[in-house]
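Inspection log for the structure reproduced underneath, given as structure tokens.
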Number of protein chains: 2
Amino acid sequence: MESVGTQGSAAGEPGTYAHDVLAVVLRITGVVPSVLLWQRAREPHAGRWSLPGGRLGADEDVEASVRRHLAEKVDLAEVAHVEQLGVYSDPHRGPAPRRVATAFLGLVPTDADPAVPGDTAWHRVDALPTTAFDHGAITRDGVDRLRAKLSYTNIGFALAPAEFTVSELRDLYAAALGHRVSATNLQRVLTRRGVLVPTGETAAPGPAGGRPAAVFRFSEHVLRVTDPFAALRPPGEPG
Amino acid sequence: MESVGTQGSAAGEPGTYAHDVLAVVLRITGVVPSVLLWQRAREPHAGRWSLPGGRLGADEDVEASVRRHLAEKVDLAEVAHVEQLGVYSDPHRGPAPRRVATAFLGLVPTDADPAVPGDTAWHRVDALPTTAFDHGAITRDGVDRLRAKLSYTNIGFALAPAEFTVSELRDLYAAALGHRVSATNLQRVLTRRGVLVPTGETAAPGPAGGRPAAVFRFSEHVLRVTDPFAALRPPGEPG
DNA sequence: ACTGGTTTTCGCCTCGTGGTCGAAAACGTG
DNA sequence: CACGTTTTCGACCACGAGGCGAAAACCAGT
């Protein structure tokens, strides 16, 4: 009873499709996140800005593939975190021949300012240019994912520099989340969850003076869920 | 600079791959969830149990495709919820030719007992048979997803019958989560979030007597996140 | 009827978490 | 040394959730 596609892709066997990988690479720049885009040289959509990526190769899974393609646009060592976003497979998401894409979210810390090729640039997510295909919607999905994970994981490690003050981290979170964040609360929440540890050092005050700020760093640099979500935990376990 | 796969798939154009869709269809049976599996008739892996699914067709996106294939194994009207799980693309996840798969999670309420074809059956997830390809791991991912969403969404609507008592719902949650659940707490949490509403009726007591239980139903039958995750909300908004 | 067993329901308590506010600490400058 | 600035910390409050036990509402026997 296995039915197969009757028309198939344009150039290959019926039921096979070109598979792309894409990455929404975000970096906090000033007061909003920015996404890494490059300007397509060829048709279709020549001249339009699009997400970095390319074809899935024969001997790699999608994550290896997106890392390979990403390495052509940024220094991979500066991408602190990569995770799968989802599959985009609308038959009309682009001109024929049909392409199926697996999208990823990548995060770059603010202290890394990767050199990028001439066709590539960072674009503020609140002022995206016209993008190729559905890359604008995918970018929005990536930003949403980041915002959600900021509140229940330690994903901030992938956005923050190696060492930072609470005020700097507050500005980072505020930019990523799109609303004001209380430094008091941020520090308490993150330290209680054990993701923030003080280095013992203090940073020099700004030009206007003020109490010198304590320097912190993230305790781990791998993603971990820190908020065992609120409800319906197993009995007898601490919140 | 666009590099393409040099070997390509076995039968098609270089850089194109057969794309499958799969579904982890879960249903709470007794004290544990069960997953819908069917026994492969053909090679590769003939005789092995595998997840329902099939090839992505030419004029459908992955979600439409998985619904189409699912309709061959169960009555689609009884699948109360479908969501994307992720992409499985390890080049060696099965014998050549290579296949890329998008997996979905599907949920069937306990009061629907769909008739299934002769090659298809429900299997307890705590005693899975040897499965084809990586379908065992995908099933575990599906169960994990369900467990996570039970605590911060109203996804129970897709597992529960149309009407039920709190005790029945408690058993359902306990089976899905794999640990005991307090009926008191479950009712309070779900009613406070507005996902549980009383019908006003009461159910007949069991053979051993006891106070008749109030009958409830889910207020909505579409997925909604009910727990605005704990930390770092915008200022001035209610918890 | 009354008693005992059973199941459900509800109220009360505690605890942990997060939001808010204001005071105190620690710096610069005039 | 007073003043502005920035950071830090403690106090307070609200709320959500887990735990527990009493009360409610039923059945079966005596």
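Just so we're on the same page: letters track the sequence lines, and every chain starts at 1.
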Of A:Leu186 and B:Arg170, the one whose closest nucleotide on DNA chain C sits nearer the 5' end is B:Arg170
Return the value, rounded to whole Å, for the distance between atom [atom1] of [X] and atom [atom2] of [N].
X        : N      : atom1 : atom2 : answer
B:Asp171 : C:dT7  : CG    : C1'   : 12 Å
B:Leu150 : D:dA17 : CG    : C1'   : 17 Å
B:Glu168 : C:dT9  : CD    : P     : 10 Å
A:Asp227 : C:dG18 : CG    : C1'   : 11 Å
B:Phe164 : C:dT7  : CZ    : C1'   : 18 Å
B:Tyr152 : D:dG16 : OH    : C1'   : 19 Å
A:Leu196 : D:dC9  : CG    : C1'   : 16 Å

Closest approach to the side chain of B:Arg188, judged atom by atom: which nucleotide of D:dG19, D:dA17, C:dT9 is it? D:dG19
With the side chain of A:Thr184 defined as its heavy atoms from C-beta on, choose the nearest nucleotide among C:dG18, D:dG10, C:dC10. D:dG10
Determine the contact category for [X]: base if any of its heavy atoms lies under 4.0 Å from a base atom, sugar-phosphate if only primed atoms, P, OP1 or OP2 are that close, otherwise nothing.
X        : result
B:Ala183 : nothing
A:Ser167 : sugar-phosphate
A:Ala204 : nothing

Between CD1 of A:Ile138 and CG of A:Leu51, what distance do you get to the nearest 0.5 Å? 6.0 Å
Between B:Tyr152 and A:Tyr152, does the ring centroid distance fall short of 6.0 Å? no
Identify the pairs formed between an N or O of the protein and an N or O of nucleotides 27-30 of chain C at a distance under 3.5 Å, and give each distance.
| residue | atom | partner | partner atom | Å |
| --- | --- | --- | --- | --- |
| C:dC27 | O2 | A:Gly210 | N | 2.9 |

Check whether any side-chain heavy atom of B:Leu107 lies under 4.5 Å from a side-chain heavy atom of B:Ile155, and answer yes or no. yes
Keeping to residues at least two apart or across chains, list the salt bridge (charged side-chain N to carboxylate O under 4.0 Å, His left out) pairs with something in residues 217-231 of chain B. B:Arg193-B:Asp227, B:Glu220-B:Arg224
Run the numbers on A:Glu83 and A:Lys149 for side chain to side chain contact (heavy atoms under 4.5 Å, CB included), then give the verdict. CA-CA 12 Å; A:Glu83 71 176 47; A:Lys149 287 213 164 185; 3.1 Å; yes
Parallel, tilted or perpendicular: which fits the ring planes of B:Phe164 and B:Phe218, with parallel below 30° and perpendicular above 60°? tilted
Between D:dT7 and A:Gln187, is there an OP1 or OP2 to side-chain N/O distance shorter than 4.0 Å? no
Reckon A:Arg192 has a side-chain N or O less than 4.0 Å from the OP1 or OP2 of C:dG16? no
Report the residue from B:Asp20, B:Thr102, B:Asp134, B:Asp141 that forms a side chain to side chain donor-acceptor pair (under 3.5 Å) with B:Tyr88. B:Asp141
